[in-house]
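This report refers to the structure that appears directly beneath it.
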2 protein chains.
Amino acid sequence: MSDQARKRRPYAARVPMAERREQLLDAALQVVDRDGYDGVSIDAIAKQAGVTRPVVYGAFDSLGPLLMALLERQQQRALMQLFGALPQDLEDGDPAGLIRQAGPALHQMLLDDPVTWRAILQSATHAPEAVRERVEADREQVRLAIERLVTGALGRRTDAEVLSHAVIAMLERFGQLVIADPERFTAERLTEAVVALLGRAPGRVT
Amino acid sequence: MSDQARKRRPYAARVPMAERREQLLDAALQVVDRDGYDGVSIDAIAKQAGVTRPVVYGAFDSLGPLLMALLERQQQRALMQLFGALPQDLEDGDPAGLIRQAGPALHQMLLDDPVTWRAILQSATHAPEAVRERVEADREQVRLAIERLVTGALGRRTDAEVLSHAVIAMLERFGQLVIADPERFTAERLTEAVVALLGRAPGRVT
DNA sequence: TCCATTTACTACACAACTGTAGCATTCTGG
DNA sequence: CCAGAATGCTACAGTTGTGTAGTAAATGGA
C-alpha cells in the first residue's frame, strides 16, 4: 500500500562494520563541528549519518566510547600533523629561527584540516569526563615536547615547565584566531609578533 | 496522619524575592563549581537550594536568564578584582617592573575567590549561547585594557593586538594552574618566568 | 532459485528535565 | 485572632534522549 510505502523508512545501504564505524565517526565529527560538544547525542549522530539509533548501538556501546574513538582518531591525525610541523633540532639555540620555521608550518596545518582542529581546540574545557582524560594525556605529551624545545632554544636556566604552559596556551589561542579569521591573523603576522617579543635577545642564555 | 506527615515536604523558609534570587545564584554557582556547566539545570539548582522547581521559576524565567544573572554578578565581581590588580600607569615602559607588580596581585586575587574564577575560567568554550556573548564582551574589554598595557610597556612598534591575545591566553592558563595546584605554581615562580622571558631587553623599543 | 545470515528498522519502556495549574501553608495587617 | 495575600508544594503533561526486543528486508552461498 502507498500508506505503508510512505510510512516505512527506506533501508540505508548495508555496510560492513569497519566502514560503518568510520562513517559514524565522520557523522559525529560533523555534529560536533556544527553544534559543539553539547549538541552531540546518539540520536543526532544517527540522524546525521542517515540511519537509526540501533545501527549506532551496533557499532558502539554508547556515546562515551564513540566520542572516545572519535577523539582517538582525530588526535592521532592531529599529532602526526603537529609533530611534522614542529622543529626537530632541539639544540639549535636560535629562538627566532625556530619560530620562523614552525609558525607558517603550524598555520598551514590548521588550514589543511580545520574541522579536526576546531574539534580539538574546543574540546578543551568541555567533553564527557573520560574523553577529557585522554585529551589531557596527549596534551601533556605535546607540552613535554615543547618543554624540550624551550629548553633547547632558551637554555637550561629558564623555567621550561612554566614557559611550556605559556607557549601551549598561546599556540591554542592563536589557533583559534586563525580558524576564526584567517585573513586577519596570517602566519606571517603571528610569527613576527612572537619573534619581536623575544627576538630582541637572539643569543641563548646559558 | 503520620503518612501525610511523612509524605509532605516541610516548607522552606519564606524569603523575599531579592534575597531568594541571590540564594539561587549562590546555589547555581555551587552546582557549576561541583559539576561543571553540564550538570547545571533548574532541577539541580532547586535541589541545591533546598526548594522546589516552581520556586526557581518564580525568581527566573528559565535557566538561560538565571545563568545570565549569575555570570553578570560574578563577572562584575571579577572585573572589579581584576582591574584592581592590574597596573594603572600605562606610560611606564618597564615591562619587568609592571609584571612584578601585577603578578602577585593577580595570584592573590585568584586565591581570594577561587569559586568565582573557576566558574569564569571554565566558562570559556561552553555555556548557553546568550551567556557566552556576554562573557566574550567582557573578555574583549579586558583584552583592550591589556592591549593598552602592552603598547605602554613595549612601545608602539609591537603588534599589540596579537600580543594581547597571547597575554590573555597565558594569564588564563596560569590562572588554571594556580587554582589547580597553588603550591606548585607560586606567584613568584610564574612572575619570574615571565620576567625572564622578556626581561632580557629591559628598555622600551620605540 | 531459495534459504540462512546479516543488517537495518519499528516500537516500547524508562529516565531526566521542563514548565504550569491548582492546592496547602505561612505570614501579616486590620 | 483571623481573613487574604504571598509564597511554597504536589502533581501532571510534554519533550528529548537512552537502550533493547522483536520484526522486516537485503544479500550471498547452496
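Side chains are part of it too, since the values below use all heavy atoms of this structure and drop only hydrogens, waters and symmetry mates. Since the structure is predicted, the reported quantities are computational estimates derived from the model, not experimental observations.
Below the 3.5 angstrom threshold, one finds no donor paired with an acceptor across the side chain of A:Arg9 and the base of C:dA8. Between the side chain of A:Arg14 and the base of C:dT6, a donor-acceptor pair under 3.5 Å is found.
With sequence neighbours excluded, no residue forms a salt bridge (charged side-chain N to carboxylate O under 4.0 Å, His left out) with A:Asp113.
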The contact string for nucleotides 14-19 of chain C, one letter per nucleotide 5' to 3', using protein heavy atoms under 4.0 Å with B, S and - for base, sugar-phosphate only and none, comes out as ---SBB
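Counted within 6.0 Å of CD on B:Glu188, heavy atoms from surrounding residues, nucleotides or ligands total 12 or fewer; the atom is thus considered open. The environment of A:Gln76 atom CD is sparse: at most 12 non-hydrogen atoms of other residues, nucleotides or ligands sit within 6.0 angstrom.
Using a 4.0 Å heavy-atom cutoff across all strands shown, A:Ala13 reaches sugar-phosphate atoms only and no base atom.
Using a 4.0 Å cut-off on heavy atoms, the residues of residues 16-31 of chain A that approach DNA chain C are A:Arg20, listed by number.
Between B:Ala44 and B:Val31, the closest heavy-atom pair is O-CG2, 4.0 Å. Of all non-hydrogen atoms in A:Ala27 and A:Ile45, the two that sit nearest each other are CB-O, 3.9 Å. Closest approach of B:Arg189 and B:Arg184 over heavy atoms only: NH1-O, 3.2 Å.
Taking the side chain as every heavy atom from C-beta outward, B:Leu106 and B:Phe174 never approach each other to under 4.5 Å.
Judged purely by atom type and a 3.5 angstrom limit, A:Arg53 has no side-chain atom pairing as donor or acceptor with the backbone of A:Ile42.
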